2 protein chains.
Amino acid sequence: MPTIYDVAREAGVSAATVSRVLNGARTVDPAMVARVLTAVRELGYRPNAVARNLRRSRTTLWAVIISDIGNPFFTATVRGIEDVAQQAGYSVVLCNTDEDPAKEETYVAAALSEQMAGVIIASSGSVKAAKSLLESPIPVVAIDRELPRGAVDTVVVDNEAGARTATEHLLGAGYQRIACITGPEGVSTADLRLRGYAGALSGQPLVVRTDFREQGGYDAMASLLSSPERPDAVFVANNLMTVGALRCLAEHGVDVPGEMGLVGFDEIPWADLVRPSLTTVTQPTYELGRMAARLLVDRIATPSAKPATVVLPAELHPRQSSTR
Amino acid sequence: MPTIYDVAREAGVSAATVSRVLNGARTVDPAMVARVLTAVRELGYRPNAVARNLRRSRTTLWAVIISDIGNPFFTATVRGIEDVAQQAGYSVVLCNTDEDPAKEETYVAAALSEQMAGVIIASSGSVKAAKSLLESPIPVVAIDRELPRGAVDTVVVDNEAGARTATEHLLGAGYQRIACITGPEGVSTADLRLRGYAGALSGQPLVVRTDFREQGGYDAMASLLSSPERPDAVFVANNLMTVGALRCLAEHGVDVPGEMGLVGFDEIPWADLVRPSLTTVTQPTYELGRMAARLLVDRIATPSAKPATVVLPAELHPRQSSTR
DNA sequence: CTGAAAGCGCTAACAA
DNA sequence: TTGTTAGCGCTTTCAG
């Protein structure tokens with residue numbers, strides 16, 4: 001691989017001049033610019049970003065650390081982030097933790113070591129990873145879930161209100177005994193959605209906690225079906241678990257919405273093509289990504305500003321699964 | 001941020017010794033090891049990977065460049081890649097091109113500049129990006145789609161055979177006039193699946209080309225419905241387009257599979273929960289990712305080996321949408 | 001087993 | 001406007 005010195009020699013100028021040309025300084029003689037560019041082309045020179053980053057002590061990469069690459073919630077959010085990042089001159093590298101705190105710690109460590117320009121993270125709950133980030137000077141924005149014990153810029157939806165609306169919707173449809181399937185304790189979305197659900201009930205809550213995966217939803221629903229206090233409706237706190245729950249109901253021949261009402265948090269791709277179509281509480285995912293990216297841009301520009309929390313609204317989309 | 005010299009001073013040793021400790025050299029006195037580790041902890045020292053990469057002239061990052069982060073095909077593949085990468089000591093950064101050749105070129109340039117250890121790419125068809133990769137010394141593995149004019153390690157499924165099987169399945173179910181919705185010309189999956197379809201037909205093919213997105217499938221199906229030679233079945237060359245086609249049929253009140261048979265290439269999440277459930281040709285996505293990652297590990301170890309092409313089988317999953 | 005010193009490739013003061 | 005020079009933080013010879 002040719003270096004900047006090879007180009008300089010070829011063009012008969014100094015390395016500094018090559019650097020200036022390549023970085024768009026306009027204090028360079030047009031004739032030299034031409035010679036340099038020719039040399040660059042002839043040698044197939046490509047600047048070494050590692051060396052540049054070291055010298056400048058900064059990079060133009062953002063790490064976006066998400067907890068499940070298979071979850072459409074995140075893919076839509078990532079698009080919003082990418083669009084803003086690109087405009088602001090950053091590239092986005094995606095890190096998938098698969099809800100595994102150990103992987104999260106690995107990626108956070110990598111982001112810090114690699115001197116990334118910023119981090120956007122949907123925490124899977126690792127206190128250690130959160131601590132590393134907060135103690136470092138790297139700009140951070142938390143999305144979807146609050147960072148454990150972290151005072152950083154945050155973009156979330158109104159989880160509690162969304163869950164309350166969903167539960168009230170089931171009550172309004174005449175369901176009597178409404179259960180809730182939610183995620184792990186300590187993950188803010190799981191806890192807040194649970195709180196919204198419980199707040200809407202007058203009677204005793206009936207709660208199953210599991211992970212946020214499809215299989216977890218399936219298992220949770222199976223346990224509810226065989227429970228002595230079998231519910232007649234369920235509010236499920238994320239999209240993948242909702243799909244799992246629906247599959248469980250289909251396999252057990254339970255009629256939805258007749259025997260069992262169902263509302264899920266998060267949009268589900270093709271929720272309208274599934275039968276019965278699924279009532280969901282949707283989040284403005286793309287907008288959430290855009291907002292997070294904008295906060296990160298601002299944070300990089302003004303590291304000392306006070307952290308902001310942006311709460312976006314969630315919206316109920318009534319469909320067949322909750323209407324009897 | 002403390003540097004290795006700060007740690008050295010704190011521990012009363014040289015920077016070289018700190019480096020040795022941190023890199024697991026066993027030729028260091030245990031007492032020094034202890035002192036160094038204490039100093040590291042006290043200062044919260046974190047090695048600067050940028051400096052290390054520059055010095056070593058190599059990194060431990062793989063760029064995985066995919067064309068659509070919202071496509072479940074890729075998310076499953078990425079999981080397979082990640083699992084192998086992690087075991088081999090590499091981290092994976094994901095780059096999403098959204099089927100945009102310009103974005104693909106940007107990410108390829110970044111991967112080269114950042115001196116990534118390797119690249120796994122599902123090309124969106126940019127000849128320029130392919131050229132950059134092939135001219136560089138960076139190890140490359142192509143997945144899903146062949147790299148334009150590239151002699152590199154490649155992992156694909158047997159697109160032609162899969163498409164032929166799907167089409168024959170529709171013929172066997174009694175459909176008379178079978179159309180094909182496929183992707184852009186020049187993208188190998190689009191062309192090979194088209195060839196498999198055409199090869200199975202005895203009559204005249206009826207083809208609509210569009211992009212590989214959901215909206216494209218919708219529009220293509222709409223045009224087929226209003227065509228004078230309206231088909232009674234369609235083979236759709238990828239998953240997202242299949243969903244779009246299905247939505248179009250649902251909105252137009254066309255009975256599937258009665259009035260219109262449907263088979264899609266690629267698995268679709270919850271294909272079994274959609275009504276009618278979708279007949280698909282599925283690929284071993286996770287395995288494909290694993291295989292690509294293994295090829296990359298080998299390629300990094302032996303850059304001069306002859307490029308290999310691995311073809312994995314595709315498999316028909318008959319469901320309701322093609323059975324009348 | 002440990003330390004001194006060089007240098008990876010680049011950019012940015014500073015000087016000319 | 002251009003070149004010289006120093007040095008970003010680390011690893012790795014080479015001496016000792």
Side-chain angles (χ1 to χ4, degrees), chain A residues 1-37 39-40 43-61 89 109-110 112-117 136-138, chain B residues 1-37 39-40 43-61 89 109-110 112-117 136-138:
Chain A
M1 294 257 79
T3 73
I4 202 169
Y5 284 99
D6 299 321
V7 177
R9 195 179 318 115
E10 178 82 14
V13 300
S14 75
T17 298
V18 177
S19 174
R20 288 190 190 104
V21 170
L22 263 32
N23 290 290
R26 55 312 188 79
T27 61
V28 184
D29 188 277
M32 302 223 129
V33 172
R35 263 155 65 198
V36 167
L37 293 180
V40 164
L43 296 176
Y45 169 72
R46 211 176 268 287
N48 182 325
V50 177
R52 184 199 340 225
N53 293 341
L54 176 60
R55 174 61 231 231
R56 290 189 180 159
S57 350
R58 64 197 155 80
T59 70
T60 57
L61 289 181
L112 295 176
S113 279
E114 300 282 350
Q115 320 283 300
M116 298 274 188
S136 83
I138 200 172
Chain B
M1 294 256 81
T3 74
I4 202 170
Y5 284 99
D6 299 321
V7 176
R9 195 179 319 118
E10 177 83 13
V13 300
S14 75
T17 298
V18 177
S19 175
R20 289 192 188 101
V21 170
L22 264 30
N23 290 291
R26 52 317 186 79
T27 62
V28 184
D29 188 277
M32 301 223 130
V33 172
R35 264 156 62 199
V36 167
L37 292 180
V40 164
L43 295 176
Y45 170 72
R46 209 177 271 288
N48 182 326
V50 177
R52 179 193 314 175
N53 293 340
L54 177 60
R55 174 61 229 230
R56 296 214 252 230
S57 352
R58 62 194 157 84
T59 69
T60 58
L61 290 181
L112 295 176
S113 279
E114 300 283 348
Q115 321 281 301
M116 298 274 188
S136 83
I138 200 171

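Residue numbering restarts at 1 for every chain, and letters A, B, ... go by the order of the sequence lines. The structure presented is a predicted model; accordingly, all values stated were derived computationally and were not measured.
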Distance test, side-chain N/O of B:Thr3 to OP1/OP2 of D:dG9, below 4.0 Å: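 It does not, given that no N or O in the side chain of B:Thr3 lies less than 4.0 Å from OP1 or OP2 of D:dG9.
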Report yes if a side-chain nitrogen or oxygen of B:Asn23 is closer than 4.0 Å to either non-bridging phosphate oxygen (OP1 or OP2) of D:dT11; otherwise report no. yes
Please name the residue in the list A:Val28, A:Ile4, A:Leu37 that meets the side-chain contact (heavy atoms from CB on, under 4.5 Å) test with A:Val18.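 Going through the options one by one, the only one that passes is A:Ile4.
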In whole Å, what is the span from the [atom1] atom of [X] to the [atom2] atom of [N]?
| X | N | atom1 | atom2 | value |
| --- | --- | --- | --- | --- |
| B:Tyr5 | D:dC8 | OH | P | 9 Å |
| B:Asn53 | D:dC8 | CG | C1' | 14 Å |
| A:Asn48 | D:dG9 | CG | P | 17 Å |
| B:Arg55 | D:dT11 | CZ | C1' | 5 Å |
| B:Arg56 | D:dG9 | CZ | P | 17 Å |
| B:Arg52 | D:dC8 | CZ | P | 18 Å |
| B:Leu22 | D:dT12 | CG | C1' | 15 Å |
| B:Leu54 | D:dG7 | CG | C1' | 12 Å |

Per nearest nucleotide of DNA chain D, the residue lying toward the 5' end, A:Thr27 or A:Ala15, is A:Thr27
Closest to the 5' end of DNA chain D, once B:Pro2 and A:Gly12 are matched to their nearest nucleotides, is A:Gly12
Short question: side chain of B:Arg46, backbone of A:Ser113 - any donor-acceptor pair under 3.5 Å?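 Flag not set: sc B:Arg46 to bb A:Ser113 has no pair under 3.5 Å.
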Any donor-acceptor pair under 3.5 Å linking the side chain of B:Arg20 with the backbone of B:Thr27?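 A pair under 3.5 Å: no.
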How would you give the extent of chain B contacts on DNA chain C, as first and last nucleotide 5' to 3' within a 4.0 Å heavy-atom cut-off?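 So the outermost contacting nucleotides come out as C:dC1 to C:dG9.
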Least distance between heavy atoms, B:Thr3 atom then B:Tyr45 atom: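 So the two residues come closest at C-CE1, 3.5 Å.
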Identify the heavy atoms of B:Leu112 and B:Ser136 that sit nearest to each other, and give their distance.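 Here B:Leu112 and B:Ser136 meet closest at CD2-OG, 3.3 Å.
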Among the nucleotides D:dT11, D:dC10, D:dT4, which one has an atom lying closest to any side-chain atom of B:Tyr45? D:dC10
What's the closest nucleotide to the side chain of A:Asp29 if the choices are D:dT2, D:dG9, D:dT12?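 When the side chain of A:Asp29 is considered, D:dT2 is the closest of D:dT2, D:dG9, D:dT12.
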Taking side chain as C-beta onward, heavy atoms only, is [X] less than 4.5 Å from [Y]?
| X | Y | result |
| --- | --- | --- |
| A:Met32 | A:Val21 | no |
| B:Asn53 | B:Gln115 | no |
| B:Leu61 | A:Glu114 | yes |

Select base, sugar-phosphate, or nothing to describe what A:Ser57 touches, counting heavy atoms under 4.0 Å on all strands. nothing
Contact class for B:Val50 (heavy atom, under 4.0 Å): base, sugar-phosphate, or nothing?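 Nothing, no heavy atom under 4.0 Å.
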Terminal axes of the helix from C:dC1-D:dG16 to C:dA16-D:dT1 (five pairs each): angle between them, nearest 10 degrees: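 That helix has its two terminal axes inclined by roughly 40°.
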Partner residues of A:Ser14 under the side-chain hydrogen bond (donor to acceptor under 3.5 Å, both in side chains) criterion, sequence neighbours left out: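 In terms of side-chain hydrogen bond (donor to acceptor under 3.5 Å, both in side chains), with neighbours along the sequence ignored, A:Ser14 is linked to A:Thr17.
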Would you please name every residue forming a side-chain hydrogen bond (donor to acceptor under 3.5 Å, both in side chains) with A:Ser19, sequence neighbours left out? A:Asn23
What pairs of nitrogen or oxygen atoms, one from the protein and one from nucleotides 14-16 of chain D, lie under 3.5 Å apart?
none

Going through the distances and angles, do A:Leu22 and A:Val40 end up as a side chain to side chain contact (heavy atoms under 4.5 Å, CB included)? CA-CA 9 Å; A:Leu22 263 32; A:Val40 164; 4.1 Å; yes
Per the salt bridge (Lys or Arg N to Asp or Glu O under 4.0 Å) rule, what does the pair list look like for residues 1-16 of chain A, sequence neighbours excluded?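 Sorted pair list: A:Asp6-A:Arg9.
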